[in-house]
Amino acid sequence: MLKEKVLKAINSQIEKELFSSQLYLAMASWAEANGMPGTSNFLYNHAEEERIHMLKFVHYVNDRGSHATVPSCNKPENNYESVKSLFVQIMEHEEMITESINNLVAVCMEERDFTTQNFLQWYVTEQIEEESLFRSVLDKLNLLGNEKSGMYLFDADVEKLITPPSVI
Ligand code: FEO
């Protein structure tokens with residue numbers, strides 16, 4: 001069984017991963033409706049990736065003899081000013097998630113739960129990759145500028161960054 005503080009912190013992280021998935025789903029739908037098929041595919045894929053992050057926590061908690069509770073989550077923003085503002089928001093969101101994972105590691109250290117701390121290393125590494133991925137997307141956007149031709153190239157290019165969702 002997980003200690004109460006660790007369980008509470010993981011259940012809160014489950015909610016954040018669920019929100020990430022819903023947020024990227026809303027962004028994917030916006031991009032699809034606004035004629036950006038590559039961007040929307042990239043975001044639909046990333047919404048799946050976040051769902052896997054959530055499920056990985058759910059299975060871990062239950063495997064440890066505790067109970068992972070499935071939360072409701074806040075409604076994500078469904079409208080965006082531009083593709084750039086959307087990706088700036090993702091970058092800020094991922095930085096918040098990194099901070100949250102780090103706090104979770106700190107709770108495990110305080111509670112001397114070294115097994116969960118070890119389990120969390122996957123997320124620590126994943127967050128380095130996620131931040132690096134979205135930083136590279138923002139770099140592309142900055143290089144291509146806001147003209148229509150730049151957006152067309154960006155949309156084709158960002159789709160190439162799709163990777164198969166990680167395995168639970
Ligand atoms: Fe689950 Fe994008 O971090």
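Numbering starts at 1 and runs along the sequence shown. Reckoned from all heavy atoms, side chains included, excluding hydrogens, waters and symmetry mates. Every number for a ligand or one of its atoms is a count from 1 in the order of the listing. Since the model is a prediction, treat every value here as computed from it, not as a measurement.
- Summarising the local packing, CE of Met96 is surrounded by more than 12 heavy atoms from other residues, nucleotides or ligands at distances under 6.0 Å.
- In this structure, Phe154 has its ring center closer than 6.0 angstrom to the ring center of Phe87.
- The minimum distance between atom 1 (Fe) of ligand 1 and any N, O or S atom of Glu17 involves atom OE1.
- Taking 2.8 Å as the criterion, Glu94 counts as a coordinating residue of atom 2 (Fe) of ligand 1, since one of its N, O or S atoms falls below it.
- With hydrogens and angles left out, the side-chain atoms of Arg64 and Thr115 include no donor and acceptor closer than 3.5 Å.
- Considering just the N/O/S atoms of Glu50, the one nearest atom 2 (Fe) of ligand 1 carries the name OE2.
- The one candidate from Lys56, Arg51, Glu50 that meets the side-chain contact (heavy atoms from CB on, under 4.5 Å) condition with Met54 is Arg51.
- Checked against the 6.0 Å centroid criterion, the rings of Tyr24 and Tyr44 do not qualify as a close aromatic pair.
- Checked against atom 1 (Fe) of ligand 1, the N, O or S atom of His53 at the shortest distance is ND1.
- At least one N, O or S atom of Glu130 sits under 2.8 Å from atom 2 (Fe) of ligand 1.
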